[in-house]
Amino acid sequence: MTRLRGELIRLPLYLAGLTMLVPFYWMASAAFKPVPELTRNPPSFVPGDPTLDAFYEPDWDPAVRADQVVAGLFQRYPDVPGGFLRFMGNSLFVAATITVLSLLIAALAAYALTKMDLPGRRVIFVVVVASMMIPWQVTLVPNYLIVRNLEWLNSYPGYIVPALAKAFVVFFLVQYMRSIPDDLVHAARVDGAGEFRIWWRVIMPLMRPALAAMAIFVVLAEWNNFLWPLIIVQDDTMANVPVALSRLNASNAFNPHNMAVIMAASLLTSLPTVIVFLAFQKHFTRGIALSGIKG
Amino acid sequence: MTAVLIDKPPTARPAPAGKRARWRRAVPGYVMLLPFAGLFVGFLVWPLLNALYFAFTDFNGVRPPSWVGLENFGRLWFEDQRFRTALVNSVIYVACTVTLTTAAALALALAFRGTSWRDRVMRTIFFLPSVTSTIAVMLIWRWIFSGERFGLANTVLARFGADPVSWLSTPRWTIPLLVLMAVWGGCGYGMVIFVSGLNAIPEELYEAGRLDGANAWQQFRYLTLPQLKPVTTYVVITGLIGAFQVFEAVYIVFRAVSSVGGVQDSGLMLVPYLYDMGFTKFQLGYASAIAWTLFLIIFVISMIQLRVTRALREL
């Protein structure tokens with residue numbers, strides 16, 4: 001009986017869960033609808049005649065600019081080699097590089113701050129933690145100017161270098177590294193290992209769960225990053241997926257025929273993140289829980 | 001912000017040695033800190049100070065900045081009508097978003113805190129928006145609330161015999177829609193934190209409560225809620241900070257032809273205004289004053305959090 005009552009109380013939440021999925025469903029189904037079906041009123045909930053036209057439209061002819069036949073996603077961007085795949089490549093490259101480098105840098109710093117007797121490390125750690133409450137948009141204008149002066153606008157270093165120092169990652173890794181016994185480090189020192197060696201061979205393997213949690217965090221955040229790329233990217237070729245998506249939207253805002261293409265692009269943007277999340281869900285939620293619970 | 005500082009005594013300290021020996025031993029440590037410290041100073045501390053300097057200058061990014069003292073802040077805080085709109089919008093949006101998101105997150109955590117198959121599926125569903133590209137999500141919303149008859153929201157309305165609403169160009173609807181999108185997108189994140197908070201509460205408390213005859217509501221009110229206080233504070237504070245920084249939703253869904261902030265600036269908030277001033281109007285000094293104002297707001301909130309958590313610990 002109590003079981004049944006519990007389920008009854010949960011009923012609204014099940015319904016909420018169902019409505020949570022509606023936008024995703026709408027996106028996925030729209031990506032496969034032919035143009036006339038998109039603007040039909042009332043709309044169809046299942047594509048009556050599923051098609052891949054939004055990705056590649058065989059009838060589209062660049063010479064004829066007809067309103068009824070719009071170019072598929074992979075036919076757009078004639079000046080960008082690779083088209084939409086290029087944007088996905090940009091996003092992937094930038095996200096992967098930032099993740100690997102920022103984790104290495106942060107893990108080095110966390111090791112020095114927890115396992116070594118550095119004069120002033122308390123102060124350093126307090127400064128790092130305090131910096132976490134600075135909204136990063138405050139540094140937007142100066143960082144834009146720095147990157148412009150370095151002539152890194154519209155380039156991979158412009159994406160990557162300013163994003164490498166992540167105070168949050170250092171904080172998280174320090175918290176985790178404290179749980180590793182210092183005796184391990186002592187023993188390695190007695191055996192004559194240098195600090196870098198201890199860091200790489202003893203500590204880093206033990207840090208794997210924490211590094212995995214942070215890696216997923218950083219990868220997703222960078223893949224979805226929008227405001228910074230929006231500012232430093234001028235040339236379509238260097239756009240990442242979110243910027244390309246927003247430009248696709250801006251240039252076609254008033255043509256409903258392009259909606260299927262925009263939804264197809266949204267689908268291709270979201271799918272990788274959802275897959276990464278589903279595959280590494282355990283690490284990811286643990287990362288959030290660990291960072292949140294120690295308030 | 002979490003504030004757990006080094007609370008253990010310094011570890012890894014071998015037999016007492018001279019001060020100089022200690023410094024010498026520390027050299028590899030500083031070398032290991034160097035990459036992080038260099039980037040941290042170069043792209044965070046230095047820009048932060050620069051932003052502070054620019055905030056007191058008239059600067060368009062081309063001519064060198066010229067010092068104007070407090071003029072930017074004076075204009076921003078006391079004269080600028082658009083900033084007032086942005087601030088009021090932000091405060092309303094933040095208040096509604098954080099309240100609703102926290103309540104929804106707590107309800108979800110209570111309902112789906114277990115390890116059963118059902119609970120995990122439901123948690124995944126509610127968490128999905130947090131990992132999906134914000135831009136993609138915003139484009140979907142934009143279409144769902146499209147003013148035409150094929151927009152999903154209007155289709156549902158038509159089912160009930162109502163007239164279509166032009167959601168995106170009616171200023172009255174801007175903030176409610178932004179709040180809806182934020183709650184949809186944010187409740188899963190809070191839920192995960194609440195779930196781990198709930199699972200950290202010792203089961204004995206509930207056993208004792210049941211022995212004393214507490215019913216489900218009393219257990220929730222007198223055991224769960226007080227135990228969850230630090231977690232709730234964390235969810236609320238990070239929610240506040242995040243909500244004050246909203247940008248994509250305004251920029252993608254509501255950007256009007258001539259303005260970043262939507263029709264009649266109905267969706268203008270702090271970061272969109274910062275972007276508008278800095279990167280479409282190139283008033284970089286003024287934009288820096290907005291940025292520092294945002295910083296001050298978030299600083300005050302963080303300080304309140306520190307106070308509250310300290311007070312809670314003393315209880």
Among the options [options], pick out the one with the most heavy-atom pairs lying under 4.5 Å from chain A.
| options | value |
| --- | --- |
| B/Leu152, B/Leu270, B/Ile298 | B/Leu152 |
| B/Gln245, B/Arg123, B/Glu248, B/Met122 | B/Gln245 |
| B/Ser133, B/Ala37, B/Ala26 | B/Ser133 |
| B/Ser130, B/Gly61, B/Ala287 | B/Gly61 |
| B/Phe127, B/Phe299, B/Trp141, B/Trp23 | B/Phe127 |
| B/Leu139, B/Val192, B/Leu284, B/Leu52 | B/Leu139 |

Is chain A contacted by the side chain of [X], its backbone, both, or neither, given a heavy-atom distance below 4.5 Å?
| X | value |
| --- | --- |
| B/Phe194 | neither |
| B/Met277 | neither |
| B/Leu44 | both |
| B/Val131 | both |
| B/Phe126 | both |
| B/Phe40 | both |
| B/Phe54 | side chain |
| B/Tyr275 | side chain |

Residue [X] versus chain B: region with a heavy atom under 4.5 Å:
| X | answer |
| --- | --- |
| A/Leu245 | both |
| A/Val243 | neither |
| A/Val241 | neither |
| A/Ala16 | both |
| A/Phe217 | side chain |
| A/Leu278 | side chain |
| A/Ser102 | neither |
| A/Met263 | side chain |
| A/Ile134 | both |
| A/Leu118 | both |
| A/Val128 | both |

Flag side-chain contact, heavy atom, 4.5 Å: [X] against [Y]:
| X | Y | value |
| --- | --- | --- |
| B/Trp143 | A/Pro23 | no |
| A/Val170 | A/Leu113 | yes |
| B/Leu157 | B/Asn154 | yes |
| B/Pro129 | A/Phe24 | yes |
| B/Phe59 | A/Val141 | no |
| A/Leu230 | B/Phe279 | no |
| A/Trp228 | A/Leu140 | yes |

Counting heavy-atom pairs closer than 4.5 Å to chain B, which one of [options] comes out on top?
| options | result |
| --- | --- |
| A/Ala221, A/Ala163, A/Pro135, A/Gly194 | A/Pro135 |
| A/Leu104, A/Leu13, A/Ile9 | A/Leu13 |
| A/Thr285, A/Thr273, A/Val138 | A/Val138 |
| A/Ser246, A/Ala106, A/Pro119 | A/Pro119 |

Review point. Looking only at heavy atoms, which of residues 265-272 of chain A get nearer than 4.5 Å to chain B?
Key: A/Ser266, A/Thr269, A/Ser270
Roughly how far, to the nearest 0.5 Å, is the [atom2] atom of [Y] from the [atom1] atom of [X]?
| X | Y | atom1 | atom2 | answer |
| --- | --- | --- | --- | --- |
| A/Ile203 | A/Arg197 | CD1 | CZ | 14.0 Å |
| B/Ile237 | A/Met133 | CD1 | CE | 11.5 Å |
| A/Asp182 | A/Arg189 | CG | CZ | 8.5 Å |
| B/Leu274 | A/Gln137 | CG | CD | 7.0 Å |

Within the side chain of [X], is there an N or O that forms a donor-acceptor pair under 3.5 Å with the backbone of [Y]?
| X | Y | value |
| --- | --- | --- |
| A/Asn224 | A/Pro242 | no |
| A/Lys115 | A/Glu195 | no |
| A/Asn240 | A/Asn225 | yes |

Exercise for review: Using the side-chain contact (heavy atoms from CB on, under 4.5 Å) rule, take A/Ile146 and B/Trp46 through it: C-alpha gap first, then chi angles, then the decisive distance, then the call.
Suggested key: CA-CA 10 Å; A/Ile146 292 174; B/Trp46 171 242; 3.8 Å; yes
Review point. Looking at residues at least two apart in the chain, or sitting in another chain, which of them share a ring-ring contact (aromatic ring centres under 6.0 Å, His included) with B/Trp292?
Key: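 Expected list: B/Phe295.
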Check your understanding: So, do A/Phe280 and A/Phe284 have ring centers that fall under 6.0 Å from each other?
Key -> no
Review point. Under 30°, 30 to 60°, or over 60°: which ring-plane class applies to A/Tyr14 and B/Phe112, parallel, tilted or perpendicular?
Key: tilted
Check your understanding: Is the NZ or CZ atom of A/Lys166 both under 6.0 Å from the centre of the six-membered ring of A/Trp136 and within 45° of that ring's axis?
Key -> no
Check your understanding: Taking the six-membered ring of B/Tyr251 as reference, does the NZ or CZ atom of B/Arg255 fall below 6.0 Å from its centre and within a 45° cone about the axis?
Key -> yes
